[in-house]
Every structure is written in C-alpha cells, then in structure tokens.
Protein chains: 2
Amino acid sequence: MSEQGPEPGPELEIVHLLRKVTVEFGLRQAEFAALHHMHSTDVRALICLLDAGRAGTDATAGWLGAQLGLNSAGTTAVIDRLERLGHLTRTRDPRDRRRVLLAVDERAVELGWAFFGPLIENIVAVLRDFDEQETAAVRRFLLAAHRAVTAIP
Amino acid sequence: MSEQGPEPGPELEIVHLLRKVTVEFGLRQAEFAALHHMHSTDVRALICLLDAGRAGTDATAGWLGAQLGLNSAGTTAVIDRLERLGHLTRTRDPRDRRRVLLAVDERAVELGWAFFGPLIENIVAVLRDFDEQETAAVRRFLLAAHRAVTAIP
DNA sequence: TCTATTGTCTCGCTGAGCGAGATAATATTC
DNA sequence: GAATATTATCTCGCTCAGCGAGACAATAGA
C-alpha cells in the first residue's frame, strides 16, 4: 500500500485521529439506536430536532427530511417510527394547516442524556483541565475542520 | 426545550462543534458514495481496508464484516458490490484456503484522494500554522475524545 | 480417520428509502 | 371570488441492503 497524497507527518496523524473519533461516535450512535429499537436515521432525526429546538427553529416534516437527505416518503416513515415509539408528537401548524410540527418527547431527551451524557461529561471534564490557550487551539482547530468539511467545492 | 444535563458552557460548545464535524463528515462520505454508485457501508469498507493495509493487517472477509458490524451474508454482499465496481480484488489465501483476502484497487484509492484529499489538505494546512503547544492541545483533546467515545461502560 | 470448528457463500425474507402520484391547504391570477 | 398554481404531507408499490438459517469447503483436534 504505497502512501498517496501528502507525506505522513504529525498533522496527518491528527486528521486520522479526528476520523477515528467520528467513526467511533457513529458506532455509539448505532448502539444507542439498536438499544432503543431504532435505526441510525431515527437517532439522527432526534438530534436534528433537538438542535432545532435549541436554535428556536420550528421543525416541520419537510425541514427534517431536508436535514436528513430523505425524500418525503422516507421522511414520513421516520416520523411514523418515532411517533410509534412515543419519542415524537405530530401537531398540525395552526398558522399553516398543511405543515406538521414535530416535538420531541421529554422522555426521549432523557434516554439520550442517559446514554450520551457520561460520554459528553468525560470530554467536558478533560476540557476543564485545559487552560485558556489550549481551549482556544481546540476551538480553532474544530472550526477549521468544520469549515473544511462543510465547504462545497 | 429545557436544557438538560450539564450547564451550557464553553466546554459544551466545543463538544457540539465536534459533533457537527462528525455529522458533516458523514454527509461528505455519503456524497462520495453516491457519486461513485456506492453506499455508505461500501465507503466505510474501503476505509477499513485501507487502514488495514496501513497497519499491515491482512484483511479477510470475516475481519471486514466484524469491523463493519455486518453478518457474513451482508459482508459477502458488500464485497460483491465493491468487486463488481472494480474497487476490490478477492484472493483465496494460499496458507488457509478457507480465507478470502481483500485488496483495494489502486484506482479506488485515487478516487478517494481526489475527493477527500483537498479536504484533508485544508485541515493539515491549518495545523501547520499551529505552534508546538497548540498542536499538542489538539492531539490531547482528540485522544481524550477518542477514549471517551470508545469506552465500553 | 472421524468429528468439531472455522471462513465464506447461498437462499429467502424483512424493512428502509425511493419514485410517482394523491390529497389538502395556501398563494396567485384573472 | 372562482380558477389555477404551488406547497406540505401522506399513500402505494418497488428495489435492494442486511439479517437468519443453513450449505459447503478447508483446517484442527480426537
């Protein structure tokens, strides 16, 4: 296997490390899904909805489908599954009665925290030991990584 | 949406940032898959195989299935698809003729670099501007995140 | 040699997600 | 204000990824 691309230096090692983290995180997500009789897509949907709540966006079915990259049929299926499990409530938007507003059930949020909370706490704990400059470096790196990975060339 | 778990501080912001990076990275992977008539699993498989090559592990069908969390039938299907696309070669291991060794085609590696290379280069470029301590902080953070996300409680 | 055990593959099935189109509510045009 | 276009969601039928069960071949152990 001849090494392609840039020479393997300390920078590349960090990129590989970042990739490993993303891979493992995906696996934990899949475990959480299986544990609660869901699929990865369902978990991703819940995360999107929680983000929307945090950002004050109102989450409609169509919006969710766009976030997940699903078409309308697939989106309906995801919502059906989550509703059947009681993790979600459909409400018709009274202002525009075509739209369906989605609300995550409180219990689903608790399930998420029970699973991911300790994991997040671990990372947060590490960060608390970082001084100002180190935290800044991490933030700068992640912002750059996000920009690099979001760029549409 | 009442904020659960730890109070939202600068540490949590970084965790969210990390999660965003992982999500976007997954989307890029899916784009790459679609672009080359593959599925996410197929791309994950190729990545596993490349990692195995880098680490000197010989990649058999069973090993790959374990990495991907697929059963033997699903694993055979992945390998069939990749072989049909010419990204992979099956070889019976002469030492143990039950085993099938998998080798990634050079052209598939090139496709990967064409897509992910620029993205990786961007991140590497940012890291080159970091001084010793900043790089160390990023590495320490990622190692901790990896440990936190790999831990089996 | 005869019997486990291991590694891969085949078959049939379930179900996630797609395309096409139905339905209902809102916006626009005359 | 009726007629038409657009938007948001859902229904139906289909394809194909991945699963369980089991077949088959090669190796390991008695």
Side-chain angles (χ1 to χ4, degrees), chain A residues 26-27 29-49 52 57-85 87-103, chain B residues 26-27 29-49 52 57-85 87-103:
Chain A
L27 291 178
Q29 209 167 284
E31 276 171 23
F32 175 74
L35 185 60
H36 294 101
H37 311 100
M38 291 190 276
H39 301 265
S40 287
T41 304
D42 304 340
V43 179
R44 285 174 53 213
L46 287 176
I47 293 176
C48 284
L49 293 175
T57 320
D58 38 328
T60 66
W63 175 87
L64 178 63
Q67 298 298 308
L68 297 174
L70 297 181
N71 77 356
S72 64
T75 305
T76 300
V78 174
I79 298 173
D80 282 349
R81 292 196 299 269
L82 288 173
E83 196 180 36
R84 201 177 312 129
L85 288 169
H87 295 333
L88 200 75
T89 322
R90 272 182 169 102
T91 326
R92 285 231 101 95
D93 186 343
R95 293 167 180 275
D96 180 344
R97 306 235 321 267
R98 293 168 302 180
R99 308 206 306 168
V100 167
L101 296 175
L102 306 171
Chain B
L27 291 178
Q29 209 168 285
E31 277 171 22
F32 175 74
L35 185 62
H36 294 102
H37 311 100
M38 291 191 275
H39 301 265
S40 287
T41 303
D42 304 340
V43 179
R44 285 174 54 213
L46 286 176
I47 292 176
C48 283
L49 293 174
T57 319
D58 38 329
T60 66
W63 174 87
L64 179 62
Q67 298 299 309
L68 298 176
L70 297 181
N71 76 357
S72 65
T75 305
T76 300
V78 174
I79 297 172
D80 282 349
R81 290 196 299 269
L82 288 173
E83 195 179 37
R84 201 176 315 127
L85 287 168
H87 295 331
L88 201 75
T89 321
R90 273 182 168 101
T91 327
R92 284 232 101 95
D93 186 342
R95 293 168 180 274
D96 181 344
R97 304 236 321 269
R98 292 168 301 181
R99 309 206 307 167
V100 166
L101 296 175
L102 305 171

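Just so you know, these numbers use all the heavy atoms, side chains as well, and skip hydrogens, waters and symmetry mates. Sequence lines set the chain letters: A, B, ... in the order given, protein chains first and strands last, and positions in each chain run from 1.
The pair B/D80-B/R90 meets the salt-bridge criterion, since a charged nitrogen lies less than 4.0 angstrom from a carboxylate oxygen. In this structure, A/D93 does not pair ionically with A/R98, as no charged nitrogen and carboxylate oxygen lie closer than 4.0 Å.
Between A/R92 atom CZ and C/dA24 atom C1' the separation is 8 Å, expressed in whole Å. Distance B/L70 CG to C/dT8 C1': 14 Å, rounded to the nearest Å. A straight line from CZ of A/R95 to C1' of C/dA27 spans 18 Å, rounded to a whole angstrom. Rounded to whole Å, atom P of C/dC9 lies 13 Å from atom CG of B/N71. In this structure, the CE atom of A/M38 is 17 Å from the P atom of C/dG15, given to the nearest Å. As a whole-Å value, the separation of B/D93 CG from C/dT8 C1' is 13 Å. Between B/L64 atom CG and C/dC9 atom P the separation is 11 Å, expressed in whole Å.
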Polar atoms only, N or O, under 3.5 Å: list the protein pairs with nucleotides 5-7 of chain C and their distances.
residue	atom	partner	partner atom	Å
C/dT6	O4'	B/R98	NH1	3.4
C/dT6	O2	B/R98	NH1	3.0

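Note on A/T41: only backbone sugar-phosphate atoms sit closer than 4.0 angstrom, heavy atoms only; bases stay farther off. When heavy atoms are screened at a 4.0 angstrom cut-off, A/G69 is found touching the sugar-phosphate backbone but no base atom.
The line from NE2 of B/H37 to CG of B/L85 is 8.5 Å long, rounded to the nearest 0.5 Å. For the atom pair B/L46 CG and B/T41 OG1, the distance stands at 11.0 Å (nearest 0.5 Å).
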For a quick test of your reading: what N or O donor-acceptor pairs under 3.5 Å do the side chains of residues 64-77 of chain B make, sequence neighbours left out?
residue	atom	partner	partner atom	Å
B/N71	OD1	B/A73	N	3.1
B/N71	OD1	B/G74	N	2.9
B/T75	OG1	B/N71	O	2.8
B/T76	OG1	B/S72	O	3.0

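Using a 4.5 Å heavy-atom threshold, the side chains of A/T60 and A/L101 count as touching.
Comparing A/T75 and B/S72 along DNA chain C, the residue whose closest nucleotide (by nearest heavy atom) sits nearer the 5' end is B/S72.
Nearest heavy atom pair, residue B/R97 against residue B/R92, reads O-NE, 2.8 Å. Taking every heavy atom of both residues into account, B/W63 and B/A52 meet most closely at CH2-CB, 3.5 Å.
Think of the region where chain B sits on DNA chain D: with heavy atoms and a 4.0 Å cut, that region ends 5' and 3' at D/dA17 to D/dT27.
None of A/D42, A/V78, A/L49 except one satisfies the side-chain contact (heavy atoms from CB on, under 4.5 Å) rule with A/L88; the exception is A/L49.
For the pair A/R81 and C/dG15, the criterion of a side-chain N or O lying under 4.0 Å from OP1 or OP2 is not met.
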